[in-house]
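Note: hydrogens, waters and symmetry copies are ignored here, and every other heavy atom, side chains too, is used. What you see is a predicted model, and the numbers here were worked out from it, not measured in a lab.
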Amino acid sequence: MAKSTISDTLYLVNDAAHDGVEQEKGRLDFQHHVFDDMMRNELLPPHIASEIAANPSPRICDIAAGSAIWLKELAKTLPKTAGLFGLDFDASRFPKPDTLPPNITLGFGNAFEPFPEELRNSFDVVNLRFFLFAVKKDQGVPLIQNLLSLVRPGGWLIWTDCTWLLSSAEPPSQALFRHQQIQYAFGKQENLDMDLPLAMTSYMEQAGLLECDDRYYDSGSILFGPKASDWIPRVQRLIVTGAGQAVKGIFTKGGVDGMSTQEEYDDYIENLRADMSGARRPHVSVIRAWGRKPS
């Protein structure tokens with residue numbers, strides 16, 4: 001399997017200055033809460049959550065932990081005896097240790113490279129989220145196989161990702177369509193696995209996991225529930241911040257046709273902000289897939 005490093009991903013473009021890092025932490029935390037609401041505030045699939053609840057000392061590892069927001073929220077639902085670990089190849093977004101619950105440990109980890117022996121076969125759940133820009137074609141199954149080295153026999157692997165190329169808006173948004181054109185062109189240029197969110201369950205089955213399944217969540221469903229009142233501006237902000245960060249990464253890495261100059265980027269972000277305002281209703285979806293490691 002070809003190795004991947006931080007230079008292969010859009011996170012290379014994070015501003016190295018303190019203000020840039022803090023801004024990215026805020027974006028990741030905001031993104032988490034929007035997607036968490038979309039997913040009915042279920043940090044784990046219900047049947048896996050029930051299994052974990054029956055374990056007095058579960059061990060859970062979050063890959064690409066970022067700001068550790070998922071682990072911090074999960075810690076509120078589990079006993080203090082739970083062991084929660086977060087791994088990432090960029091520790092700049094980690095919170096300060098003294099702001100974390102004592103049962104959360106963060107450290108370096110590259111999902112494409114072998115993990116330390118002391119972590120192998122030790123976790124009840126390994127969780128991976130929003131890894132679309134890191135995976136090239138033909139890397140999905142080997143990546144899962146590497147992550148499975150962390151999972152104990154009978155444990156679970158969970159993978160959640162966003163289907164940005166399937167996003168839409170009512171009325172249709174030319175700026176959002178332009179974003180998808182740019183992302184598609186970059187994906188083709190870099191040989192990224194742009195079908196990844198739709199293929200995760202199949203990749204798990206190919207890697208030998210059992211009881212594989214997935215669930216699709218669309219942002220539009222929230223408009224018919226108790227959180228509808230401020231939902232449209234929240235999803236609009238999600239698109240502006242998330243898509244804007246992604247296209248900034250594409251531009252910084254050399255760009256593609258139609259996104260290779262500062263003027264083109266400034267025009268793109270101005271139009272996206274204008275489109276993602278008012279009553280326009282954006283639709284964003286995520287897919288969460290899971291599978292059990294054979295005993």
Original post:
Do the rings of Trp156 and His47 sit parallel, tilted or perpendicular, given the 30° and 60° boundaries?
Top reply: perpendicular
**OP:** For Cys162 and Ser285, work out which heavy atoms get closest and say how close.
**Re:** SG-O, 3.4 Å
**OP:** Begin from the C-alpha positions of Arg178 and Gln174 and carry the test side chain to side chain donor-acceptor pair (under 3.5 Å) through to its verdict.
**Re:** CA-CA 6 Å; Arg178 185 182 179 194; Gln174 287 298 319; over 6 Å; no
Original post:
Of all heavy-atom pairs between Asn103 and Pro79, which one has the smallest distance, and what is that distance?
Top reply: ND2-O, 3.8 Å
Subject >> Considering all heavy atoms, the nearest Trp231-Ser219 contact >> reply: NE1-O, 2.7 Å
Original post:
Roughly how far apart are Ile239 CD1 and Ser173 OG, rounded to 0.5 Å?
Top reply: 8.0 Å
Subject >> Under 3.5 Å: donor-acceptor pair, side chain of Ser260, backbone of Asp257 >> reply: no
Original post:
Hey, what's the ring geometry for Tyr265 with Phe251, parallel, tilted or perpendicular (30° and 60° as the breaks)?
Top reply: parallel
Original post:
At what distance, to the nearest 0.5 angstrom, does CE of Met39 lie from CD1 of Ile222?
Top reply: 11.0 Å
**OP:** Output the distance between atom NE2 (His33) and atom CG (Asn41), rounded to the nearest 0.5 Å.
**Re:** 10.0 Å
Subject >> Residue pair Gln206, Ser202: steps toward the side chain to side chain donor-acceptor pair (under 3.5 Å) verdict >> reply: CA-CA 6 Å; Gln206 293 175 54; Ser202 175; 3.0 Å; yes
**OP:** Give a yes or no on whether Phe30 and Val247 share a hydrophobic cluster (residues Ile, Leu, Val, Met, Phe, Trp, Tyr; joining criterion: side-chain heavy atoms under 4.5 Å apart).
**Re:** yes
Subject >> Residue pair Arg281 / Gln236, side-chain heavy-atom distance below 4.5 Å >> reply: no
Subject >> Test: Arg120 cationic atom under 6.0 Å from Phe115 six-membered ring centre, within 45° of axis >> reply: no
**OP:** Kindly indicate, with the supporting measurements, whether the criterion side chain to side chain donor-acceptor pair (under 3.5 Å) is fulfilled by Ser67 and Asp29.
**Re:** CA-CA 7 Å; Ser67 66; Asp29 289 356; 2.5 Å; yes
**OP:** Using a strict 4.0 Å threshold on nitrogen-to-oxygen distance, state whether Arg129 and Asp161 make a salt bridge.
**Re:** no
Original post:
Which distance, rounded to the nearest 0.5 Å, do you find between the CG of Leu128 and the CG of Leu87?
Top reply: 11.0 Å
Original post:
If you round to the nearest 0.5 Å, how far is CG of Leu157 from CD1 of Ile144?
Top reply: 6.0 Å
**OP:** Return yes if some donor-acceptor pair links the side-chain N/O of Arg280 with the main-chain N/O of Ala274 below 3.5 Å, else return no.
**Re:** no
Subject >> Taking every non-hydrogen atom, the tightest pair across Phe131 and Ala111 >> reply: CZ-CB, 3.9 Å
Original post:
Do Glu211 side-chain atoms and Arg292 backbone N/O form a donor-acceptor pair below 3.5 Å?
Top reply: no
**OP:** Side-chain contact test, heavy atoms from C-beta onward, threshold under 4.5 Å: evaluate it for Leu143 versus Val135 and give yes or no.
**Re:** yes
Original post:
Side-chain contact, heavy-atom cut-off 4.5 Å: Ser167 with His283?
Top reply: no
Original post:
When you measure from the side chain of Arg59 to the backbone N and O of Leu84, does any donor-acceptor pair fall under 3.5 Å?
Top reply: no
Original post:
When Phe35 is tested against each of Tyr217, Phe130, Trp70 for ring-ring contact (aromatic ring centres under 6.0 Å, His included), which residue passes?
Top reply: Phe130
Subject >> Heavy-atom pair with the smallest gap, counting every atom of Ala65 and Phe94 >> reply: CB-CE2, 4.5 Å
Subject >> Atom CZ of Phe177: over 12 foreign heavy atoms under 6.0 Å >> reply: no
Original post:
Pro45 and Trp290: which non-hydrogen atoms are nearest, and at how many Å?
Top reply: CG-CE3, 3.7 Å
Original post:
Of the options Val240, Val235, Asp275, Leu238, which is the one that meets Pro282 in a side chain to side chain contact (heavy atoms under 4.5 Å, CB included)?
Top reply: Val235
Original post:
Quick one: does Glu270's side chain have a donor or acceptor within less than 3.5 Å of a partner on Asp267's backbone?
Top reply: no
Subject >> Under 3.5 Å side-chain donor-acceptor pair for Glu51 and Asn55 >> reply: no
Original post:
What about the rings of Phe85 and Phe123, do their centers lie closer together than 6.0 Å?
Top reply: yes
**OP:** Indicate yes or no: at least one non-hydrogen side-chain atom of Ile158 is less than 4.5 angstrom from one of Ile48.
**Re:** yes
Original post:
What residues form a salt bridge (Lys or Arg N to Asp or Glu O under 4.0 Å) with Glu170, not counting sequence neighbours?
Top reply: none
**OP:** Can you tell me which residue pairs pass the side-chain hydrogen bond (donor to acceptor under 3.5 Å, both in side chains) test with a partner in residues 187-200, sequence neighbours excluded?
**Re:** Asp193-Tyr203
Original post:
Taking atom CD1 of Ile287 and atom CG of Asp214, what is their separation to the nearest 0.5 Å?
Top reply: 6.0 Å
Subject >> Backbone of Pro95 reached by a side-chain donor or acceptor of Thr99 within 3.5 Å >> reply: no
**OP:** Give the cluster check for Ile104 versus Val126: same hydrophobic cluster or not, with ILVMFWY residues linked at side-chain heavy-atom distances below 4.5 Å.
**Re:** no
Original post:
Is a side-chain N or O of Lys293 found less than 3.5 angstrom from the main chain of Leu209, in a donor-acceptor match?
Top reply: no
**OP:** Return yes if a side-chain donor-acceptor contact under 3.5 Å exists between Gln31 and Arg27, otherwise no.
**Re:** yes
**OP:** Could you tell me whether the side chain of Thr252 and the main chain of Gly249 form a donor-acceptor pair under 3.5 Å?
**Re:** no
Original post:
So, the side chain of Glu113 versus the backbone of Asn110: is there a donor-acceptor pair under 3.5 Å, distance only?
Top reply: no
Original post:
Are Val151 and Leu71 connected, step by step, through hydrophobic side chains (Ile, Leu, Val, Met, Phe, Trp, Tyr) whose heavy atoms are closer than 4.5 Å?
Top reply: no
**OP:** Output yes when Lys76 and Glu73 qualify as a salt bridge under the 4.0 Å nitrogen-oxygen rule, no when they do not.
**Re:** yes
